[in-house]
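The basis for the numbers below is simple: all heavy atoms, side chains too, and nothing from hydrogens, waters or symmetry mates. For ligands, and for the atoms within them, numbers begin at 1 and follow the listed sequence.
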Amino acid sequence: MENSKQMRTWLDDMKLDHPLVIAGPCSAETEEQVLQIANELKDTDVNYFRAGIWKPRTRPGMFEGVGALGLKWLQKVKAETGMKTCTEVANAAHVKLALEHDIDLLWIGARSTVSPFIMQEIADALEGTDKIVLVKNPVNPDLALWLGGIERLHSAGIKNLGAIHRGFSTYEKTKYRNIPEWQLAIEFQNKFPDLPLINDPSHITGNREMIFDVSQTALDLNFDGLMIETHFDPENAWSDAAQQVTPTKLIQIMRDLKIRKESDPEAAYNSELSGLRAQIDVLDNQLIDMLGKRMKVSDSIGALKKQKNVAVLQSNRWNAILGNMILEGESKGLSEEFVLKMFKAIHQESINHQEKIINS
Ligand code: PEP
Ligand code: MN
């Protein structure tokens with residue numbers, strides 16, 4: 001994996017000795033709430049204070065953000081705590097207001113990245129700005145759409161760019177709110193190795209209990225920073241209550257995360273090794289997940305065979321599968337011997353599943 005950064009970026013210029021941390025509430029709710037959270041985060045490793053002002057909600061009737069009024073609160077945060085500020089922008093009017101209120105970093109939300117029209121509108125409104133602009137991945141796992149959004153900003157002369165990986169929505173219910181699809185993020189890093197890539201474990205997990213683990217995986221995969229939603233009273237937050245952590249918890253998370261330094265050769269080796277191991281872990285989990293899904297389909301076939309009173313083992317079908325898989329395997333550099341062994345084991349597990357169903 002090519003992952004050496006060639007160009008200096010806004011992030012290098014910050015000369016941090018730890019990954020970038022963006023924290024603050026999902027939504028700005030009141031002036032007091034914003035200032036209290038900012039004060040609790042000010043003397044920590046947090047680099048940027050976030051708060052959503054315009055909230056993209058899936059269905060109408062939910063809290064849609066306080067609007068431009070919140071920008072004044074963010075200005076107060078900067079004046080009172082010295083912290084840099086950031087918020088989401090979703091159209092040209094938002095951009096104009098955010099720039100007028102000297103917001104330091106703007107991000108584009110997952111529901112905007114999906115739309116080339118919106119991305120172009122935002123790029124035109126931002127033309128030539130020296131503010132930092134981060135693009136969240138689109139809600140659907142489409143790498144080209146994500147890259148396309150960034151290219152539109154780049155073409156508008158925006159130099160200080162970066163990306164945020166916040167996971168992808170699926171119809172299927174999983175333990176994640178938005179599944180990480182780490183492979184896609186790794187592919188993204190390979191396409192744009194010089195672009196800072198931030199992980200957003202809050203929107204990936206949807207659940208504060210899982211934030212630490214996802215953050216650690218991201219750091220092991222060489223992400224450049226984290227964006228973590230933080231609120232002094234998470235349970236009563238006006239949006240995304242289940243995924244926010246308290247400032248105290250955030251400080252604990254930052255303390256416990258293992259950060260791999262890349263300065264000396266030994267550390268560089270360790271860093272590369274743990275990055276590769278994190279990739280193996282992701283793939284192994286996908287393998288197990290796929291095998292589980294395959295067995296579920298096999299169970300349904302078992303149920304059908306039971307109805308029709310058909311034998312479990314059907315050798316024509318099995319020989320056809322094996323032949324195809326040996327050819328597929330060859331094209332991926334897998335030996336015939338390995339593919340045979342693996343599929344025999346999978347087939348045996350399938351037969352066991354189906355027999356259990358037929359005999360039940
Ligand atoms: C957010 O950061 O609060 C947000 C709305 O994120 P996303 O665009 O990832 O859903
Ligand atoms: Mn949120």
Could you check whether Gln183 and Glu187, counting side-chain N and O atoms only, form a donor-acceptor pair closer than 3.5 Å?
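No, because no side-chain N or O of Glu187 sits under 3.5 Å from a partner of the opposite role on Gln183.
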Verify whether one side chain among Arg177 and Gln243 offers a donor that lies under 3.5 Å from an acceptor in the other.
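The answer is yes; a qualifying pair exists.
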Angle subtended at the Mn ion (ligand 2) by SG of Cys26 and OD2 of Asp240, to 10 degrees?
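Result: 100°, to 10°.
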Arg208 side chain near Glu235 side chain, heavy-atom distance below 4.5 Å:
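Yes. Closest side-chain heavy atoms under 4.5 Å.
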Which atoms from ligand 1 have a heavy atom of [X] less than 4.0 Å away?
X      : value
Cys26  : 3 (O)
Arg111 : 7 (P), 8 (O), 10 (O)
Arg50  : 1 (C), 2 (O), 3 (O)
Gly109 : 8 (O)

Considering both backbone and side-chain atoms of Glu88, is one of its nitrogen or oxygen atoms within less than 3.5 Å of a nitrogen or oxygen in ligand 1?
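No; every N/O pair is 3.5 Å or more apart.
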Ala110 to ligand 1: N or O pair under 3.5 Å?
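Ala110 vs ligand 1: N/O contact under 3.5 Å present.
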For [atom], what's the nearest protein heavy atom and its distance?
atom                   : answer
atom 9 (O) of ligand 1 : Arg166 NE, 2.6 Å
atom 4 (C) of ligand 1 : His203 NE2, 3.5 Å
atom 6 (O) of ligand 1 : Lys136 NZ, 2.8 Å

Of all N/O/S atoms in Glu229, the name of the one nearest the Mn ion (ligand 2):
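Sorting the N, O and S atoms of Glu229 by distance to the Mn ion (ligand 2) puts OE2 first.
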Pick one of side chain, backbone, both or neither for how Lys55 approaches ligand 1, counting any non-hydrogen atom pair under 4.0 Å.
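It is the side chain that touches ligand 1; the backbone stays farther off.
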Short N-O contact, [X] and [Y], less than 4.0 angstrom:
X      : Y      : result
Lys306 : Glu355 : no
Arg277 : Asp220 : no
Asp299 : Lys356 : no
Asp130 : Lys159 : no

So, 4.0 Å and heavy atoms of Gly52: is ligand 1 close enough to count as a contact?
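In this structure, Gly52 fails to qualify as a contact of ligand 1 - no heavy atom is under 4.0 Å.
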For the residue pair His94 and Trp54, categorise the inter-ring angle as parallel (less than 30°), tilted (30 to 60°) or perpendicular (more than 60°).
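His94 vs Trp54 ring planes: parallel.
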Centre-to-centre under 6.0 Å for Phe188 and His165, is that the case here?
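No: the rings miss the under 6.0 Å criterion.
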